[in-house]
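As structure tokens, the structure follows; a few thoughts come after it.
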Amino acid sequence: MKKLLLSTAIVLGSLTVNAATTPLTTNSINQSVTIQDEYTEVSADAIPAAVKSTVEKSFPGTKLEKAYVNEKKHYKLEISNGDKKYTVFTDAEGNIIKK
């Protein structure tokens with residue numbers, strides 16, 4: 001009987017040692033939420049000069065295809081360079097928010 005209790009204690013002790021040495025793995029999940037404001041299309045003439053200047057300097061050789069503005073005066077510009085198309089977001093002062 002003593003041998004049975006002793007062997008049980010040894011087996012249980014070895015299981016807890018193995019469990020303690022198992023490396024922990026963690027999974028991280030990054031979520032991104034984009035809140036899209038309502039943009040309305042505007043003509044190229046309605047875009048401020050600072051915005052046009054920023055686009056010309058940052059993206060030389062591109063052509064403005066479409067322009068949109070929201071109530072916060074953020075501009076969504078669709079530009080192209082040959083067959084490549086880009087969407088750029090700027091504020092009214094010409095600072096790029098997102099490329």
Side-chain angles (χ1 to χ4, degrees):
M1 187 70 170
K2 287 182 183 180
K3 290 182 181 179
L4 180 63
L5 287 175
L6 183 60
S7 62
T8 304
I10 292 172
V11 169
L12 289 176
S14 67
L15 290 176
T16 56
V17 170
N18 286 339
T21 59
T22 305
L24 297 176
T25 57
T26 58
N27 293 333
S28 64
I29 298 173
N30 295 330
Q31 291 184 342
S32 176
V33 176
T34 304
I35 299 173
Q36 183 175 356
D37 295 325
E38 291 294 321
Y39 286 91
T40 56
E41 189 170 357
V42 294
S43 67
D45 298 335
I47 300 172
V51 174
K52 290 179 184 179
S53 175
T54 298
V55 171
E56 289 171 3
K57 289 178 186 175
S58 299
F59 304 96
T62 58
K63 178 184 173 189
L64 179 64
E65 296 291 328
K66 291 184 180 180
Y68 304 90
V69 67
N70 66 7
E71 56 204 31
K72 295 180 184 177
K73 297 293 181 188
H74 290 169
Y75 291 88
K76 175 182 172 183
L77 308 169
E78 293 180 1
I79 57 176
S80 65
N81 187 0
D83 60 341
K84 295 180 183 178
K85 295 190 178 204
Y86 306 97
T87 302
V88 180
F89 294 87
T90 67
D91 60 10
E93 289 79 36
N95 300 317
I96 295 178
I97 300 170
K98 183 182 187 181
K99 289 184 185 180

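Throughout, numbering of the chain's residues begins at 1 and tracks the sequence.
A heavy-atom distance below 4.5 Å is not found between the side chains of V55 and L64. Between N95 and T54 the shortest side-chain heavy-atom distance does not fall below 4.5 Å.
The two residues A46 and Y75 have their closest heavy-atom pair at O-OH, 4.0 Å. Listed here is the closest heavy atom pair of E78 and T87: CG-OG1, 4.2 Å. The two atoms that bring T90 and V51 nearest to each other are OG1-CG1, 3.5 Å, heavy atoms only. Between F89 and K76 the shortest heavy-atom distance is CE2-CG, 3.6 Å. For the pair L77 and A67, the tightest heavy-atom approach, listed with the atom from each and the gap, is CD2-CB, 3.7 Å. The minimum heavy-atom distance between A92 and A50, with the atom names listed, is O-CB, 4.2 Å.
Annotation: side chain to side chain contact (heavy atoms under 4.5 Å, CB included) contacts of A49 (sequence neighbours excluded): none. Partners of S53 under the side-chain hydrogen bond (donor to acceptor under 3.5 Å, both in side chains) rule, at least two apart in sequence or in another chain, do not exist in this structure.
Rounded to the nearest 0.5 Å, atoms NZ (K63) and NZ (K85) are 9.5 Å apart. Taking CG of D45 as the start and NZ of K52 as the end, the distance is 5.5 Å to the nearest 0.5 Å. Interatomic distance, E38 CD to N70 CG, rounded to the nearest 0.5 Å: 9.5 Å.
The environment of NZ in K66 is sparse: at most 12 heavy-atom neighbours from other residues, nucleotides or ligands sit within 6.0 Å.
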